[in-house]
Amino acid sequence: MSSTLGKEKDSKEKDPKAGPPGKEREKEAKALASFGKDGGKEAKTKGKDAKEGKKDGGGAPPAVAFSVDNTIKRPNPAPGTRKKSSNAEVIKELNKCREENSMRLDLSKRSIQMLPTSIKELTQLAELYLYSNKLQSLPAEVGCLAGLVTLALSENSLTSLPDSLDSLKKLRMLDLRHNKLREIPAVVYRVTSLTTLYLRFNRITAVEKDIHKLSKLTMLSIRENKIKQLPAEI
């Protein structure tokens, strides 16, 4: 009796038809399908790692992916830092110009907001270039540059000029383009040695009758302003 029961039990375990219920088969099928996909991905990953020369970490847990930004971000300088640096550079250039007795000084694109008064010591200067700075005015000491022939002040924020400018008896070229002048400064009409006067791209609304005093002018550029009428004296 016991042998018969044992045979029946063995036959049930070996019978291929006697599988798990339908729901359990579906679960197993899904599990196998998922395993197959994961296995494929893992195989591809391992193959890629092998090509790139990556070593197996010996079963260590996967590391968290992250990126490194190699760009060094420097903090913005404290307020006033740039100005101090710019002034230091300007003073250095002035000293160098004085020591070398140079007749030409180029201080363009230095973010200069105020020209040092020590500029008056450079009496040998014939050319002074101050393009593309942040000048709103000039110190009266500029009038001490008696030998100045060229004064280039384009691309600043000038709204006026010092009266001492009429001391520049040798000045021939004055460039005031791209500033914030609402009128031609009165002192300009007194610099009778001028041959070239650039006033383009300002906010000038009128040209005064005193323009006739600049009898040596061969170039007068006043386009891109708000001038509606020119005086007959021109």
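No side-chain donor-acceptor contact under 3.5 Å links T195 to the backbone of T218. Side-chain atoms of S193 come within 3.5 Å of backbone N or O of K169 as a donor-acceptor pair. With Q124 contributing its side chain and S102 its backbone, the two residues share a donor-acceptor pair below 3.5 Å. In terms of modelled atom types and a separation under 3.5 Å, the side chain of N202 and the main chain of L176 share a donor-acceptor contact. In this structure a side-chain-to-backbone donor-acceptor pair under 3.5 Å is missing from N95 to C97. Side chain of N225 to main chain of L199: a donor-acceptor pair is present (N/O by atom type, distance under 3.5 Å, no hydrogens or angles).
For M173, the CE atom counts as densely surrounded, since its 6.0 Å shell holds more than 12 non-hydrogen atoms of other residues, nucleotides or ligands. Counted within 6.0 Å of CD on Q136, heavy atoms from surrounding residues, nucleotides or ligands total 12 or fewer; the atom is thus considered open. Within a 6.0 Å radius of CZ in R172, other residues, nucleotides and ligands contribute 12 heavy atoms or fewer.
Between R104 and E127 a salt bridge is recorded (basic side-chain N to carboxylate O distance below 4.0 Å). A salt bridge links D163 with R190: the closest approach of a Lys/Arg side-chain nitrogen to an acidic carboxylate oxygen falls below 4.0 angstrom.
Annotation: the span from I204 atom CD1 to K180 atom NZ amounts to 14.5 Å, rounded to 0.5 Å. With rounding to the nearest 0.5 angstrom, the CG atom of L145 is 11.0 Å from the CD atom of E121. Interatomic distance, K134 NZ to R110 CZ, rounded to the nearest 0.5 Å: 14.5 Å. Rounded to the nearest 0.5 Å, atoms OG (S221) and CZ (R200) are 5.0 Å apart. Between the OH atom in Y189 and the CG atom in L194 there is a gap of 12.0 Å [rounded to 0.5 Å]. Rounding to the nearest 0.5 angstrom, the gap separating the CD1 atom in I227 from the CD atom in E183 is 11.5 Å.
L217 and L181 fall within a single hydrophobic cluster, where Ile, Leu, Val, Met, Phe, Trp and Tyr side chains are chained together by heavy-atom contacts under 4.5 Å. Each of L130 and F201 belongs to its own hydrophobic cluster when Ile, Leu, Val, Met, Phe, Trp and Tyr are linked at side-chain heavy-atom distances under 4.5 angstrom. The hydrophobic clustering, which links ILVMFWY residues whose side-chain heavy atoms are closer than 4.5 Å, places L135 and L165 together. By the rule that hydrophobic residues join a cluster once side-chain heavy atoms approach within less than 4.5 Å of another member, V187 and L171 end up as members of one cluster. No path of Ile, Leu, Val, Met, Phe, Trp and Tyr side chains, each step under 4.5 Å between heavy atoms, connects Y131 with M114, placing them in separate hydrophobic clusters.
Residues P162 and P139 approach most closely at CG-O, 3.9 Å, considering heavy atoms. Pairing each heavy atom of L122 with each of R98, the nearest pair is CD2-CB, 3.6 Å. Residues N133 and S111 approach most closely at OD1-N, 3.0 Å, considering heavy atoms. For the residue pair S167 and G143, the shortest heavy atom distance occurs at CB-O, 3.5 Å. Closest non-hydrogen pair, E208 versus P231, comes out as O-CG, 3.8 Å. The minimum heavy-atom distance linking N179 with S157 is given by the pair OD1-N, 3.3 Å.
Taking 4.5 Å as the limit, some side-chain heavy atom of I222 sits within range of a side-chain heavy atom of L220. In this structure, L107 and E93 have side chains that are in contact, with non-hydrogen atoms separated by less than 4.5 Å.
Of the listed residues (V188, L230, I234), just one forms a side-chain contact (heavy atoms from CB on, under 4.5 Å) with I211, and that residue is I234. Between L174 and the choices T150, V191, L153, L148, the side-chain contact (heavy atoms from CB on, under 4.5 Å) rule is met once, by L153.
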Worksheet item: When you look at L115 and V142, which way does the side-chain contact (heavy atoms from CB on, under 4.5 Å) test go after all the steps?
Response: CA-CA 9 Å; L115 198 62; V142 171; 4.2 Å; yes
Discussion item. Under the criterion side-chain contact (heavy atoms from CB on, under 4.5 Å), I'd like the reasoning laid out for I112 against N156: C-alpha separation, chi angles, the key distance, then a yes or no.
Written reply: CA-CA 9 Å; I112 302 171; N156 280 282; over 6 Å; no
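Residues meeting the ring pair (Phe, Tyr, Trp, His ring centres under 6.0 Å) test with Y198, sequence neighbours left out: none.
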